[in-house]
Number of protein chains: 2
Amino acid sequence: MNIGEIARLAGVSRSTVSYALTGRRAVSDKTRKRIERVIAESGYRPNASARALKEGRTRTLGLVIPPASRALTDMQLGFVASVVEAAARVDLDVLLSPSGGDHDRSFERLVTGQRVDGVIVMEIRLEDARVARLQQTRIPFVTIGRTAQPDSLSWVDVDYAHLIGRCVHHLADLGHRHIALINRSQELVASGYGPGHRALAGFTEAITERGISGMSLCCADDAPAGHAATRRLLAEHPDVTAIATINEAALRGVQRALDNAGLRIPRDFSVTGVVAQHWAEDFHPPLTAADVPAHDMGSRAVELLLERIAEPESAARHVLLSPPIALRSSTGPARSG
Amino acid sequence: MNIGEIARLAGVSRSTVSYALTGRRAVSDKTRKRIERVIAESGYRPNASARALKEGRTRTLGLVIPPASRALTDMQLGFVASVVEAAARVDLDVLLSPSGGDHDRSFERLVTGQRVDGVIVMEIRLEDARVARLQQTRIPFVTIGRTAQPDSLSWVDVDYAHLIGRCVHHLADLGHRHIALINRSQELVASGYGPGHRALAGFTEAITERGISGMSLCCADDAPAGHAATRRLLAEHPDVTAIATINEAALRGVQRALDNAGLRIPRDFSVTGVVAQHWAEDFHPPLTAADVPAHDMGSRAVELLLERIAEPESAARHVLLSPPIALRSSTGPARSG
DNA sequence: TTGTAAGCGTTATCAA
DNA sequence: TTGATAACGCTTACAA
């Protein structure tokens with residue numbers, strides 16, 4: 001079933017069917033009705049490949065995700081879901097590419113095969129081979145997260161530096177003088193993962209500004225690692241009375257370790273950070289934290305990408321989100337003594 | 001940059017370039033070398049739409065996921081990741097469609113726009129409008145999960161009935177005489193969610209077989225709901241000494257409620273079920289459970305789909321997975337008295 | 001071993 | 001208001 005068949009059944013030419021379908025040329029009511037009836041009866045829908053070939057656009061966006069081998073975090077999942085949903089709202093489809101470094105076949109198909117009109121890349125490193133590759137091509141793209149040289153690119157990111165800084169100030173205001181930052185995993189930070197670096201920078205700056213003592217440690221993205229890291233922290237730095245973290249997956253382990261040490265939250269110990277709302281609310285007691293607006297980020301990314309597709313030569317735009325810290329129940333005055 | 005341009009630069013015809021690219025016809029070493037050099041220099045890659053139009057296949061699979069409004073569970077995420085990765089291994093791309101019921105534009109594009117060579121649908125209901133729609137079309141498809149009439153369809157599923165039955169037998173062997181099943185949410189079960197129904201069926205059958213007492217309850221997919229459900233359970237059914245569950249997201253709440261009630265696992269109370277390995281290992285103590293092989297399921301689904309695409313008329317195939325129950329530390333002899 | 005040309009299903013230009 | 005027809009970029013008979 002193709003457009004010629006519909007034209008034959010409706011007794012008109014192929015172009016008339018096409019125009020009736022797209023509305024790009026006036027078609028008399030009578031013939032449009034007839035065409036619509038035939039289409040409804042036959043269940044015809046235009047062939048996407050033919051249309052893409054002719055129009056020079058695919059009505060499809062590419063989304064580059066971390067390879068499945070590295071399990072996606074809750075937050076990354078939130079991005080994927082929100083990107084897909086935002087795209088669907090404007091009748092765009094989303095092609096997924098699980099690509100880590102460079103030289104990935106699926107990634108190459110995406111960027112050079114004219115399969116998509118634009119690309120969204122997530123889990124950006126400060127130096128990112130995929131971004132470099134995309135810049136070589138002419139394809140419009142937007143990143144979730146930003147590289148070390150972000151000015152010329154369109155991106156949406158969370159202001160980890162600022163937010164972790166605010167967490168530190170909040171804790172300092174409550175009288176805490178020894179604060180620990182629990183960062184993401186060693187490898188991730190070592191590989192130039194932006195949020196890890198920027199969180200540390202914001203932490204250090206705020207600690208310095210307040211003239212208090214801070215220490216930071218890396219921790220793998222799971223509960224057992226959080227448990228181990230916190231235990232070690234309590235043992236080696238007994239004067240620490242508060243934790244700020246961007247590692248949501250470690251939270252459960254952090255909680256268990258504090259529990260086991262007989263420390264009650266927030267009476268004996270405070271915990272705060274930047275994590276998905278989901279995790280903040282599941283914490284016990286609910287975590288005072290800046291909720292990463294994953295859903296918002298996905299739709300903003302789609303928005304920016306559509307702009308770049310529409311006007312490839314327009315100036316790059318940035319969205320740096322800084323959600324408010326939701327005051328819940330996991331932070332309190334520092335235990336005196 | 002298109003194939004004609006390459007042909008011109010290499011001083012050959014377009015067909016020769018095409019043959020050099022696909023290898024479907026012999027090309028002399030000398031001209032192939034020349035063509036390859038030109039291609040490498042120009043960064044040319046064939047236009048995917050043109051190729052799809054001509055060949056009648058898109059080298060793309062569709063994956064229908066639940067709409068983002070309903071947050072994806074960890075397990076669903078595992079399916080998505082494994083499907084995408086399995087597809088990438090055989091150089092296939094994956095188009096995502098977030099579709100709930102019927103009449104979804106993105107879903108319609110997928111099934112009737114010839115955008116994909118085949119479709120994988122997840123989160124299947126016993127009566128599923130999407131499956132019905134797919135059956136009307138000629139497009140090959142595979143489901144993760146199965147409907148009430150699964151014989152004629154290709155699917156991969158977990159044998160929840162059998163596995164929950166085995167959990168019950170395991171608990172009964174340990175002397176438990178009053179066991180509760182914590183199911184998924186009321187709405188999900190009411191809407192005909194297969195695992196919910198089959199888990200209950202397997203539970204009931206095993207309970208009957210062992211002549212012991214069982215009770216089942218629904219519970220929303222989050223920790224607070226698990227907490228509330230377990231509290232109520234303990235209050236209203238004080239003789240229950242063990243829980244079997246398929247609701248991984250509720251586990252943390254279950255744990256907290258048992259904790260608060262002063263019940264130690266496994267000394268005072270046993271917990272087991274069918275959940276993603278991730279959750280079982282994060283439980284404290286590690287959960288004796290059948291680990292849902294999400295990763296395996298995704299690649300099996302791709303495998304079955306490729307078969308159906310290659311031979312649309314071949315008989316439907318089913319994969320019913322029944323992973324072993326991993327004996328960890330959350331089940332023990334029933335407290336006597 | 002290579003080239004010519006038809007055709008995949010659209011859209012859009014040019015006529016009528 | 002509509003129709004014929006030429007692309008879009010590719011693959012693949014059919015010739016040479």
Side-chain angles (χ1 to χ4, degrees), chain A residues 1-36 38-39 42-60 91 93 109 111-117 137-139, chain B residues 1-36 38-39 42-60 91 93 109 111-117 137-139:
Chain A
M1 186 60 56
N2 60 29
I3 201 171
E5 192 80 350
I6 301 297
R8 199 179 54 72
L9 292 172
V12 295
S13 74
R14 301 201 324 263
S15 53
T16 302
V17 175
S18 175
Y19 286 120
L21 231 41
T22 63
R24 292 198 255 256
R25 183 168 93 175
V27 172
S28 80
D29 251 35
K30 216 182 77 195
T31 56
R32 204 190 46 250
K33 283 270 167 25
R34 197 164 66 241
I35 290 170
E36 277 166 2
V38 171
I39 287 180
S42 64
Y44 162 80
R45 302 217 65 224
N47 179 302
S49 303
R51 184 174 259 187
L53 175 58
K54 183 62 188 156
E55 293 192 325
R57 61 170 181 153
T58 59
R59 298 162 191 267
T60 304
D91 286 330
D93 288 317
R109 281 200 301 275
V111 301
T112 63
Q114 285 138 289
R115 295 183 72 85
V116 296
D117 299 333
T137 73
R138 289 311 246 150
I139 193 163
Chain B
M1 187 58 55
N2 59 32
I3 201 172
E5 192 81 347
I6 300 297
R8 197 179 55 74
L9 291 172
V12 295
S13 74
R14 304 206 320 267
S15 58
T16 302
V17 175
S18 175
Y19 287 122
L21 232 40
T22 62
R24 292 198 254 258
R25 183 168 92 175
V27 173
S28 80
D29 250 34
K30 214 182 76 194
T31 57
R32 204 191 47 250
K33 284 270 167 24
R34 200 166 61 242
I35 290 170
E36 279 166 1
V38 171
I39 287 180
S42 64
Y44 164 79
R45 302 216 66 222
N47 179 300
S49 303
R51 185 174 257 184
L53 175 58
K54 181 62 190 171
E55 292 192 325
R57 61 172 180 149
T58 59
R59 300 163 188 266
T60 304
D91 286 331
D93 288 316
R109 280 200 301 274
V111 301
T112 62
Q114 284 137 288
R115 293 183 74 83
V116 295
D117 299 333
T137 73
R138 290 314 244 148
I139 192 162

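A, B, ... follow the sequence lines: proteins, then strands. Residue 1 opens every chain. We use all heavy atoms of the structure for the numbers below, so side chains are in, but hydrogens, waters and symmetry mates are not.
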(request) Specify the closest pair of heavy atoms between Arg115(B) and Thr58(B), including all atoms of both residues, with the distance to one decimal. (result)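 Closest heavy-atom pair between Arg115(B) and Thr58(B): O-OG1, 3.2 Å.
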(message) Looking at every non-hydrogen atom in both residues, tell me the closest pair between Val12(B) and Arg34(B) and how far apart they are.
(response)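 What the structure gives for the nearest pair is CG1-NH2, 3.5 Å.
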How many Å lie between [atom1] on [X] and [atom2] on [N], as a whole number?
{"X": "Arg14(A)", "N": "dA4(D)", "atom1": "CZ", "atom2": "P", "result": "10 Å"}
{"X": "Lys30(A)", "N": "dT2(D)", "atom1": "NZ", "atom2": "C1'", "result": "12 Å"}
{"X": "Leu21(B)", "N": "dG9(D)", "atom1": "CG", "atom2": "P", "result": "16 Å"}
{"X": "Ile35(A)", "N": "dG3(D)", "atom1": "CD1", "atom2": "P", "result": "8 Å"}
{"X": "Arg45(B)", "N": "dC10(D)", "atom1": "CZ", "atom2": "P", "result": "11 Å"}
{"X": "Asn2(B)", "N": "dT11(D)", "atom1": "CG", "atom2": "P", "result": "12 Å"}
{"X": "Arg115(A)", "N": "dC8(D)", "atom1": "CZ", "atom2": "P", "result": "22 Å"}
{"X": "Ile3(B)", "N": "dG3(C)", "atom1": "CD1", "atom2": "C1'", "result": "13 Å"}

Please work out if [X] contacts a base, only the sugar-phosphate, or nothing of the nucleic acid, heavy-atom cut-off 4.0 Å.
{"X": "Ser18(B)", "value": "base"}
{"X": "Gly11(A)", "value": "sugar-phosphate"}
{"X": "Thr31(A)", "value": "sugar-phosphate"}

(message) What's the closest nucleotide to the side chain of Val12(A) if the choices are dG3(C), dG3(D), dT11(D)?
(response)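 For the Val12(A) side chain, the nearest candidate turns out to be dG3(D).
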(request) Consider the side chain of Thr22(B), meaning its heavy atoms from C-beta on, and name the nucleotide among dT11(D), dT2(C), dG3(C) that approaches it most closely. (result)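 In terms of side-chain proximity for Thr22(B), the closest of dT11(D), dT2(C), dG3(C) is dT11(D).
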(message) With heavy-atom distances below 4.5 Å as the criterion, would you say the side chains of Val116(A) and Ile139(A) are in contact?
(response)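 Answer yes - side chains close enough.
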Provide a list of protein-nucleic acid N or O atom pairs under 3.5 angstrom, restricted to nucleotides 13-15 of chain C.
unit_1, atom_1, unit_2, atom_2, d
dC14(C), N4, Arg25(A), NH1, 3.4

(request) State whether the distance check finds a donor on one side and an acceptor on the other, under 3.5 Å, for side chain Arg24(B) versus base dT12(D). (result)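 Side chain to base: no pair below 3.5 Å.
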(request) First locate atom OG1 of Thr16(B), then atom CD1 of Ile6(B), and finally report the distance between them rounded to the nearest 0.5 Å. (result)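 Here the interatomic distance stands at 13.5 Å.
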(message) To the nearest 0.5 Å, what is the distance between CG on Leu9(A) and CE on Met1(A)?
(response)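 Rounded to the nearest 0.5 Å, the CG-CE separation comes out at 6.5 Å.
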(request) Check the pair Arg109(A) / Arg59(B) against side chain to side chain contact (heavy atoms under 4.5 Å, CB included), numbers first and verdict last. (result) CA-CA 11 Å; Arg109(A) 281 200 301 275; Arg59(B) 300 163 188 266; over 6 Å; no
(message) Set out, in order, the CA-CA distance, both residues' side-chain angles and the distance that settles side chain to side chain contact (heavy atoms under 4.5 Å, CB included) for Thr22(A) and Arg51(A), then state yes or no.
(response) CA-CA 11 Å; Thr22(A) 63; Arg51(A) 184 174 259 187; 4.1 Å; yes
When you check the phosphate oxygens OP1 and OP2 of [N], does a side-chain N or O of [X] lie under 4.0 Å from one of them?
{"X": "Ser28(B)", "N": "dT2(C)", "result": "yes"}
{"X": "Arg51(A)", "N": "dT11(C)", "result": "yes"}
{"X": "Ser13(A)", "N": "dT2(D)", "result": "no"}

(message) Salt bridge or not between Lys33(B) and Glu36(B)? Use side-chain N to carboxylate O under 4.0 Å.
(response)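 Result for this pair is no, no salt bridge flagged.
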(request) For DNA chain C, determine which residues of residues 52-60 of chain B have any heavy atom closer than 4.0 angstrom to one of its atoms, and list them numerically. (result)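 By residue number: Leu53(B), Lys54(B).
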Could you pull out all donor-acceptor pairs under 3.5 Å where a side-chain atom in residues 42-50 of chain A meets a protein atom, sequence neighbours excluded?
unit_1, atom_1, unit_2, atom_2, d
Ser42(A), OG, Val38(A), O, 3.0
Ser42(A), OG, Ile39(A), O, 3.2
Ser42(A), OG, Tyr44(A), N, 3.3
Asn47(A), OD1, Ser49(A), N, 2.7
Asn47(A), OD1, Ala50(A), N, 2.9

